[in-house]
Amino acid sequence: MKGDPTVSQLVSAGTISNADVEAAVTAYLAAPDPGIVPLGPAHEVDITAAIAAHAFTAKFLQSGKKGKVALRASIRTATLLARAKRR
């Protein structure tokens with residue numbers, strides 16, 4: 001993959017698992033500014049920046065709505081679209 005791949009590309013390639021993505025989402029929900037979180041053995045993502053860069057998720061979080069399923073799905077989408085870095 002040329003440049004930094006998206007988290008979604010890494011999942012599709014089997015480099016990281018869906019469980020890794022769920023762990024990143026859970027980290028964000030536990031502490032809404034966890035910053036950089038690990039993804040699998042060799043990658044990481046700045047989940048706070050990913051959420052800020054995803055307009056829908058940022059707006060959803062600012063709205064104060066508390067739907068847990070929608071919140072988790074929104075954060076997951078922002079994470080999947082984010083660019084992962086190698087550690």
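It should be emphasised that the depicted structure is a prediction, and the values quoted were computed from it without experimental measurement.
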Which of parallel (below 30°), tilted (30 to 60°) and perpendicular (above 60°) describes Phe60 and Phe56?
-> parallel
For [X] and [Y], work out which heavy atoms get closest and say how close.
| X | Y | result |
| --- | --- | --- |
| Leu10 | Ala84 | CD1-CB, 3.5 Å |
| Pro34 | Ala27 | CG-O, 4.0 Å |
| Ala52 | Ala58 | O-CB, 4.1 Å |

Please examine the side chains of [Y] and [X], heavy atoms only from C-beta on, and report whether any two atoms are closer than 4.5 Å.
| X | Y | value |
| --- | --- | --- |
| Val45 | Lys85 | no |
| Pro38 | Arg87 | yes |
| Val25 | Leu29 | yes |
| Leu80 | His54 | no |
| Thr15 | Gln9 | no |
| Leu81 | Thr6 | no |
| Thr57 | Leu71 | no |
| Leu39 | Val7 | yes |

N-O pairing of Arg86 and Glu44 below 4.0 Å =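 Looking at Glu44 together with Arg86, the answer is no, because their closest N to O distance does not fall below 4.0 Å.
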Rounded to the nearest 0.5 Å, how far apart are CG of Asp46 and OG1 of Thr79?
->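 Answer rounded to 0.5 Å: 10.5 Å.
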Which distance, rounded to the nearest 0.5 Å, do you find between the NE2 of His43 and the CD1 of Ile36?
-> 13.5 Å
Just by modelled atom types, is the Glu22 backbone N or O under 3.5 Å from a matching donor or acceptor in the Thr26 side chain?
-> yes
